[in-house]
Amino acid sequence: RANITVRPLTVSAVTDTRVYNGNMSSVGVPTVTGLQVGDAPVDTLNGPLTQAYASKNVMGTLGSTLVATGPYTVTDGNGGNNYAITVNTAPGTITPATLVGSITAANKVYDGNDTATIVTRTLATPVAGDTVSYTGGTALFSDKNVADGKTVTGTGLSLTGADAGNYTVNTTATTTANITPAPLTIRANDNTKVYGQTFTPASTAFTVPVPPIAGETVASVTETSPAGSPATAAVPGPYAITPSNAAANGAFLPSNYTITYVDGALSVTPAPLTIRANDATKVFGETFTPASTAFTTPVAPQNGETVGSATITSPTGTPATAAVPGP
């Protein structure tokens with residue numbers, strides 16, 4: 001007598017590596033060892049020679065488990081009792097899927113710095129049903145100055161959500177946005193001149209009722225008063241003093257502002273003029289009639305002007321009875 005013992009039959013999953021796809025599928029084909037080929041009918045293993053990951057999730061290099069699908073039986077003419085079937089697992093790897101994240105940024109009014117605000121964060125095609133979001137990050141414009149379509153770069157972006165560990169994503173993203181000019185008002189100072197003087201407005205004679213942003217100053221502007229500057233500008237005015245062309249100064253760039261220029265007013269006051277009647281002599285008994293041109297101008301008129309005549313009177317000296325000696 002002798003015994004025929006049960007033969008071990010092993011179905012073993014094989015190592016596989018693939019990118020995360022949201023399911024547990026594997027293209028590996030399990031191996032079979034121990035199945036004997038003998039007399040007809042031939043022993044046959046029943047069951048699919050397929051395998052799957054035990055978890056859909058990323059678990060690191062060879063951190064996943066691959067399991068042969070099964071179940072397995074043997075057709076051996078003995079109700080399968082000739083074999084003891086063992087199903088072995090295998091280590092596998094699911095690598096993170098790559099997602100592409102994008103951002104949009106808000107337009108802003110010039111504020112003297114390059115900071116930007118991220119408005120939206122969007123992920124391109126994660127696996128349907130996965131919970132994953134593109135979050136965080138800060139953004140900067142390419143520089144602080146006014147322009148349309150400026151590059152905005154977001155950094156420090158990341159993934160959150162229950163399925164975030166199954167993906168990698170770009171931590172930096174770019175978009176475009178506009179920096180629009182800030183308002184700025186420059187008003188020429190009012191001024192006064194005396195008739196006959198030439199007026200030259202100072203480039204610093206202005207105020208800024210709506211100032212530039214902190215840390216920036218307007219150092220000078222161009223000021224003109226075409227009607228009021230000539231010495232011949234008549235009393236009283238006023239004449240416009242017109243500012244324009246604010247000059248760049250350190251951090252201040254006029255192009256970063258929408259500048260409203262407001263005119264100042266130039267008033268003209270009368271010039272001093274002195275008219276002195278000429279001295280005269282008459283003989284007692286004569287009537288004295290002063291000539292209208294008998295005068296001098298110790299303080300003369302301006303601009304080459306002349307006094308043509310003046311009314312001159314001598315109420316006490318004019319009568320023929322005015323006594324000697326006067327005056």
Side-chain angles (χ1 to χ4, degrees), residues 103-120 137-155 174-273 302-303 305:
I103 62 172
T104 62
N107 299 330
K108 74 170 184 176
V109 176
Y110 175 74
D111 59 5
N113 63 63
D114 59 0
T115 58
T117 300
I118 298 173
V119 177
T120 64
T138 58
L140 297 173
F141 282 94
S142 54
D143 60 56
K144 69 174 185 175
N145 296 318
V146 167
D148 289 339
K150 295 179 72 71
T151 298
V152 175
T153 301
T155 57
T174 61
T175 185
T176 59
N178 305 332
I179 299 179
T180 57
L184 172 64
T185 299
I186 298 175
R187 185 187 188 282
N189 294 345
D190 295 339
N191 215 321
T192 302
K193 74 165 189 173
V194 176
Y195 175 72
Q197 294 178 343
T198 298
F199 174 66
T200 302
S203 63
T204 56
F206 61 88
T207 56
V208 280
V210 178
I213 63 105
E216 297 186 12
T217 57
V218 182
S220 64
V221 299
T222 300
E223 292 193 9
T224 59
S225 182
S229 287
T232 54
V235 175
Y239 301 94
I241 303 173
T242 302
S244 63
N245 299 324
N249 176 40
F252 172 74
L253 294 178
S255 57
N256 287 327
Y257 294 88
T258 299
I259 303 177
T260 300
Y261 292 101
V262 179
D263 290 349
L266 173 64
S267 300
V268 181
T269 60
L273 172 65
Q302 300 292 319
N303 302 317
E305 298 170 355

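- Contact record, Ser229 with Leu266: N-CD2, 4.4 Å, taken as the closest heavy-atom pair.
- For Tyr239 against Val268, the heavy-atom pair with the smallest separation is CE1-CG2, 3.6 Å.
- Without hydrogens or angle criteria, Lys108 side chain to Thr115 main chain gives a donor-acceptor distance under 3.5 Å.
- Closest non-hydrogen pair, Pro254 versus Ala247, comes out as CG-C, 4.1 Å.
- The residue from Asp143, Thr176, Asn107 that alone fulfils the side-chain hydrogen bond (donor to acceptor under 3.5 Å, both in side chains) condition with Lys150 is Asp143.
- If you take CD on Glu223 and OG on Ser244, they are separated by 8.5 Å, rounding to the nearest 0.5 Å.
- Remark: Thr120 OG1 to Ile103 CD1 distance equals 8.0 Å, nearest 0.5 Å.
- Neither side chain, Thr104 nor Thr175, offers a donor N or O lying under 3.5 Å from an acceptor on the other.
- Sorted by first and then second residue, the salt bridge (charged side-chain N to carboxylate O under 4.0 Å, His left out) pairs with a member in residues 242-262 form an empty list; sequence neighbours excluded.
- In this structure, the separation between CZ on Phe141 and OG1 on Thr151 is 10.0 Å, given to the nearest 0.5 Å.
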Tell me, with the steps shown, if Leu140 and Thr153 meet side chain to side chain contact (heavy atoms under 4.5 Å, CB included). CA-CA 6 Å; Leu140 297 173; Thr153 301; 5.8 Å; no

Which pairs would a plain distance check flag for residues 199-219, meaning a side-chain donor or acceptor within less than 3.5 Å of a matching protein atom at least two apart in sequence or in another chain?
| unit_1 | atom_1 | unit_2 | atom_2 | d |
| --- | --- | --- | --- | --- |
| Glu216 | OE1 | Tyr257 | OH | 2.7 |
| Glu216 | OE2 | Tyr110 | OH | 2.3 |
| Thr217 | OG1 | Asn249 | ND2 | 2.9 |

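- Here CG of Asn256 is found 7.0 Å from NZ of Lys144. Values are rounded to the nearest 0.5 Å.
- The minimum heavy-atom distance linking Asn145 with Ile179 is given by the pair O-CD1, 3.6 Å.
- Remark: Ile241 CD1 to Arg187 CZ distance equals 8.5 Å, nearest 0.5 Å.
- Residue Thr224 holds its OG1 atom at 8.5 Å from CG of Asp263, rounded to the nearest 0.5 Å.
- Across all their heavy atoms, Ala177 and Ala106 have their closest contact at CB-O, 3.7 Å.
- Minimum interatomic distance between Val152 and Ala116 (heavy atoms only, all atoms of both residues): CG1-CB, 3.7 Å.
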